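Reviewing the structure listed below.
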Amino acid sequence: MIKIMIVDDEEEILNSIFRFLSEKLPQYEYIKTTSSRQAREILKTDMIDILLTDIKMPHWDGFELSSVAKETNPDCHVIFLTGYSDFDFAYQAIKAKCDDFCLKNDLNEEVIHAIQKTAKIIEHHHAAEQLKAPDTLLSDLKNHHSIEFVQQYIRDHIDSDISLNKLAQAVYLSPAYLSRLFKNVTGSNITEYLLQVRIKTAKNLLISSEKQIQDIALAVGIDSPVYFTRIFKKATGFTPVEYRSLFYGKGKLN
């Protein structure tokens, strides 16, 4: 299934685009976020087929996200969304080698056409890849060993900068193949597994140490305490401070 990431720092616009596309093109998988920081992390660890992104955003703009996406997946297609119609932005978008450029105030058949056109290119590419691939991803025991190695690598290096490219190099597989293989073997994608390990490691540090929150964030590979607090609360229902006050000294998680 083609995976599309939608990024816009304005939540109302993001949700409007998400609802519109989910209704008009339900055959695709969608990921949405208002956080360019979160988008960057997902793009580093997951195979996104189409990046549909705003251009002007805090932290990382659409051009920078496009670069990250293509580092992980050179075949990632980029469609820029913007409220700007001036030449400078259009020129930058062309330089960034985007596949299309849509104005946010004109999101109707234009964006549908852009996605459908791009999806056809991706489907042809996927079909060609499948002809070269093994009969089944699960047939070779070596694949399972590769996934076990990747999981252990993530657990051992949770405090470092982990990317799909780095993991693929460690097991001598292409990023695209590793991404599909991981999903088939484990049932979750690498981004989800990475988050699970981060949250579990953070929980253990919160209940068994007196480390500062910013140090725990760094210990799980996140350089922003604010971002760490946000994803921790989303995953657990508690802020790190609240979790520590409730469970400190009650023993490590298995």
Side-chain angles (χ1 to χ4, degrees), residues 1-11 13-18 20-21 25 28-107 110-126 129 161-169 174-176 178-179 189-191 194 222-224 227:
M1 182 183 291
I2 289 174
K3 191 179 293 187
I4 300 173
M5 171 178 275
I6 310 166
V7 189
D8 196 302
D9 61 314
E10 296 181 65
E11 190 166 9
I13 292 175
L14 177 75
N15 290 333
S16 175
I17 296 168
F18 175 76
F20 177 70
L21 292 179
L25 299 172
Y28 305 131
E29 178 183 350
Y30 296 95
I31 300 172
K32 65 184 175 83
T33 180
T34 57
S35 166
S36 62
R37 186 187 294 276
Q38 183 181 35
R40 181 175 179 270
E41 181 153 323
I42 293 170
L43 289 166
K44 284 171 61 182
T45 56
D46 203 352
M47 290 295 288
I48 301 300
D49 295 300
I50 300 174
L51 173 62
L52 186 66
T53 179
D54 190 13
I55 292 180
K56 286 196 76 175
M57 295 180 291
H59 303 300
W60 286 278
D61 63 27
F63 301 122
E64 290 167 314
L65 290 182
S66 170
S67 296
V68 173
K70 288 183 179 293
E71 281 174 18
T72 302
N73 178 16
D75 296 317
C76 180
H77 295 258
V78 179
I79 300 172
F80 284 127
L81 299 169
T82 184
Y84 300 86
S85 56
D86 63 30
F87 177 77
D88 287 342
F89 275 95
Y91 179 68
Q92 281 184 270
I94 292 166
K95 280 182 69 179
K97 297 181 180 176
C98 72
D99 295 88
D100 225 316
F101 183 94
C102 301
L103 294 177
K104 283 198 278 188
N105 57 5
D106 194 26
L107 287 176
E110 182 184 0
V111 70
I112 293 292
H113 175 71
I115 289 174
Q116 286 178 323
K117 179 180 70 175
T118 305
K120 280 186 180 178
I121 297 169
I122 294 167
E123 284 161 359
H124 285 308
H125 180 72
H126 284 180
E129 272 196 338
D161 183 26
I162 295 173
S163 69
L164 180 58
N165 280 340
K166 191 177 290 184
L167 295 172
Q169 287 169 10
S174 73
L178 174 59
S179 181
N189 61 45
I190 290 173
T191 303
L194 179 60
I222 299 173
D223 61 5
S224 166
Y227 178 60

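Bear in mind the structure is a predicted one, so any value in this text is a computation, not a measurement.
Side-chain atoms of Ser36 do not come within 3.5 Å of backbone N or O of Asp61 as any donor-acceptor pair. Using a distance-only test at 3.5 Å, with no hydrogens or angles considered, a donor-acceptor pair links the side chain of Asn165 to the main chain of Glu71. Panel note: side chain Asp99, backbone Val78; a donor-acceptor pair is recorded below 3.5 Å. A distance-only check finds a donor-acceptor pair linking the side chain of Asn73 to the backbone of Asp75 [under 3.5 Å]. Put simply, the side chain of Ser179 never gets that close to the backbone of Pro175: no donor and acceptor are under 3.5 Å apart. In this structure a side-chain-to-backbone donor-acceptor pair under 3.5 Å is present from Lys70 to Cys76.
Here CG of Asp100 is found 7.0 Å from NE2 of His113. Values are rounded to the nearest 0.5 Å. A distance of 11.5 Å separates CD in Glu10 from NZ in Lys56, rounded to the nearest 0.5 Å. Going from atom CZ of Phe63 over to atom CE of Met57 covers 10.0 Å, rounded to the nearest 0.5 Å. Rounding to the nearest 0.5 Å gives a distance of 9.0 Å between OG1 of Thr34 and CG of Asn15. Atoms CG and CD1, from Leu81 and Ile17 in turn, are 5.0 Å apart once rounded to the nearest 0.5 Å. Atom CD1 of Ile55 sits about 11.0 Å away from atom CG of Asp8, to the nearest 0.5 Å.
For the pair Leu21 and Leu52, the minimum side-chain heavy-atom distance is below 4.5 Å. Cys102 is listed as a side-chain neighbour of Ile79, based on a closest heavy-atom distance under 4.5 Å. For the pair Ile48/Lys3, a side-chain contact is recorded, criterion being any heavy-atom separation below 4.5 Å from C-beta on. Side-chain atoms of Ser66 and Thr53, non-hydrogen and from C-beta on, never get closer than 4.5 Å to each other. Within the 4.5 Å cutoff, side-chain heavy atoms of Ile31 are placed close to those of Asp46. At least one side-chain heavy atom of Asp223 sits under 4.5 Å from a side-chain heavy atom of Arg37. Taking 4.5 Å as the limit, every side-chain heavy atom of Leu25 sits out of range of all side-chain heavy atoms of Ile4. Residues Met5 and Leu65 are not in side-chain contact: their nearest non-hydrogen atoms beyond the backbone lie 4.5 Å or more apart.
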(message) Before you tell me yes or no, could you show the steps for Leu14 and Ile6 under side chain to side chain contact (heavy atoms under 4.5 Å, CB included), namely the whole-Å CA-CA distance, both residues' side-chain angles and the distance that decides it to 0.1 Å?
(response) CA-CA 7 Å; Leu14 177 75; Ile6 310 166; 3.7 Å; yes
(message) Thr191 vs Glu41, test: side chain to side chain contact (heavy atoms under 4.5 Å, CB included). Steps then yes/no.
(response) CA-CA 8 Å; Thr191 303; Glu41 181 153 323; 5.6 Å; no
(request) Before giving the answer on side chain to side chain contact (heavy atoms under 4.5 Å, CB included), spell out for Tyr28 and Ile50 the whole-Å C-alpha distance, their side-chain angles and the decisive distance to 0.1 Å. (result) CA-CA 10 Å; Tyr28 305 131; Ile50 300 174; over 6 Å; no
(request) I would like to know whether Asp49 and His77 meet side chain to side chain contact (heavy atoms under 4.5 Å, CB included); could you show each step before the answer? (result) CA-CA 6 Å; Asp49 295 300; His77 295 258; over 6 Å; no
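Few gaps surround CD on Glu123; more than 12 heavy atoms of other groups in view lie less than 6.0 Å from it.
Pro58 and Asp9 get closest at one heavy-atom pair: CD-OD2, 3.6 Å. Between Thr72 and Pro74 the shortest heavy-atom distance is O-CD, 3.8 Å.
Residues passing the side-chain contact (heavy atoms from CB on, under 4.5 Å) test with Ser174, sequence neighbours excluded: Ala176, Tyr177.
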